[in-house]
Amino acid sequence: MSSLMEKPKLILKEIEAFVPKSIDELEQFRIQYIGSKGILKTLFAEIRNIPNEQKKIYGQLVNEVKQAAEKKINLFKQQLSKKDKHDKQQIDLSMPGPGNNPGSRHPISIIRQQIIDIFHHLGFTIAEGPEIEDDWHNFSALNLPPDHPARDMQDTFFIQKDPDIVLRTHTSPVQIRTMEKYDPPIKVISPGRVYRSDNDSTHSPVFNQVEGIYIDEKVSFAELKQTLYYFVKEMFGKNTELRFRPSFFPFTEPSAEMDIAWNKNGQKEWMEILGCGLVDPAVLSNCNIDPDQYTGYAFGMGVERIAMLKFGIRDIRLFYENDIRFLEQFSPAV
Ligand code: DAH
């Protein structure tokens, strides 16, 4: 009789010691122990040979065995099925690797860097300024006092209805900040983002400009022309034609706009690419630079405009949509 009582205990030990190595082994285990003709079936059937007073304990023992078997199966089922899948996965060593996709530089970054490099060769260094500006630096110091009609040329974004704080409408305020901070000679360019409430295929509310300024004794309009001439040849090629047209900017006197000749469907067209001029003496005075001792030239250009010309892009919005098919066409990052 006692050996009958011992049997479930022995089987429990067997179950606890069992460690399946594969999902098949686990399935065999399941059939052997809890299958319809399994060991547990026999153990339960054995109950009729157990004396009445021990039936309860025996029943509990066999239940324990059953639970142990089920627990083991559940525990290994998940583990082994994962491993099984992994083992069945075949590695094809002849397959090409995942490749490395180095990405590309944004066309605006490419052009901005080219502009910087060209002026760097001419001895310009970089100056930066804030994108949130005050009225003084964005307008007044640049000879655009309140109510000056030229303010309307720039559709300004104001911050929190405070008429004194604006998103800078151009990079010209960086000239003012630089002249306020340093004594001449000053020779800097300022690349940066600017903001105007304007939005169509050739205008974006956020775009990039590069400003340039050179202040020293006896700086002349001829030097300005020579500098921009060099810039155009470097940027657009040796044979590019250019012309200066008289224009008006409140911060320069005289002022000009520069056009380059462009071949549009076999026809020569003039495209404006920048504004420039000799720094107005009033602007120098606003920055405590003596206009009797110093003169200077300044210029400002839109990076998008130049990138559109160079790459033949008709719609400025393509630059900001982050469409990978568009961006991939430009040179890889270096
Ligand atoms: N700030 C002008 C604009 O945004 C561009 C410009 C024109 C800058 C003439 C200059 C300049 O420095 O001399 O339209």
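Just so you know, ligand 1 is whichever comes first in the structure, and atom 1 is the first atom listed for that ligand. The structure displayed is predicted, hence computed values, not measured ones.
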In ligand 1, the atoms that come under 4.0 Å of a heavy atom of Gln175 are 12 (O)
Counting both backbone and side chain atoms, is some N or O of Ser172 under 3.5 Å from an N or O of ligand 1?
yes
Hey, is the main chain of Met235 close enough, under 3.5 Å, to the side chain of Lys310 for a donor-acceptor pair?
yes
Hey, is Glu257 touching ligand 1 through its side chain, its backbone, both or neither, going by heavy atoms under 4.0 Å?
neither
Restricting to side-chain contact (heavy atoms from CB on, under 4.5 Å), what partner residues turn up for Lys233, sequence neighbours left out?
Tyr229, Leu242
For Lys187, I'd like to know if atom NZ has over 12 heavy atoms of other residues, nucleotides or ligands within 6.0 Å.
yes
Determine yes or no for a side-chain-to-main-chain donor-acceptor pair under 3.5 angstrom, with Arg243 supplying the side chain and Asp259 the backbone.
no
Please work out, at 4.0 Å between heavy atoms, whether the side chain, the backbone, both, or neither of Glu211 comes within that distance of ligand 1.
side chain
Enumerated ligand 1 atoms positioned under 4.0 Å from heavy atoms of Ala298
12 (O), 13 (O)
Is the distance between the ring centroids of Phe29 and Phe76 under 6.0 Å?
no
May I ask you to identify, for Phe299, whether its side chain, its backbone, both or neither come under 4.0 Å of ligand 1 on a heavy-atom basis?
backbone
Under 4.0 Å from a heavy atom of Phe249: give me the atoms of ligand 1 that qualify, with their elements.
7 (C), 9 (C)
Just distances here: any N/O of Phe251 and N/O of ligand 1 closer than 3.5 Å?
no
Heavy atom of Arg196 under 4.0 Å from ligand 1?
yes
Filter on ring-ring contact (aromatic ring centres under 6.0 Å, His included), then keep only pairs touching residues 274-305, sequence neighbours left out; what's left?
Phe119-Phe299, Tyr214-Tyr297
I'd like to check which ligand 1 atoms, numbered from 1 as shown, lie under 4.0 Å from a non-hydrogen atom of Gly277.
13 (O)
Check for a donor-acceptor pair, side chain of Glu217 on one end and backbone N or O of Gln293 on the other, with a separation under 3.5 Å.
no
Against heavy atoms of Thr252, which atoms of ligand 1 measure under 4.0 Å?
13 (O)
Decide, yes or no, whether a salt bridge links Glu27 with Arg30 under the criterion of side-chain N to carboxylate O below 4.0 Å.
yes
Candidate with minimal heavy-atom separation from atom 9 (C) of ligand 1, of Ser255, Gly275, Pro250
Gly275
Which ligand 1 atoms, with their elements, are less than 4.0 angstrom from a heavy-atom of Gln209?
3 (C), 4 (O)
Give a yes or no on whether a salt bridge exists between Lys218 and Glu223, defined as a side-chain N under 4.0 angstrom from a carboxylate O.
no
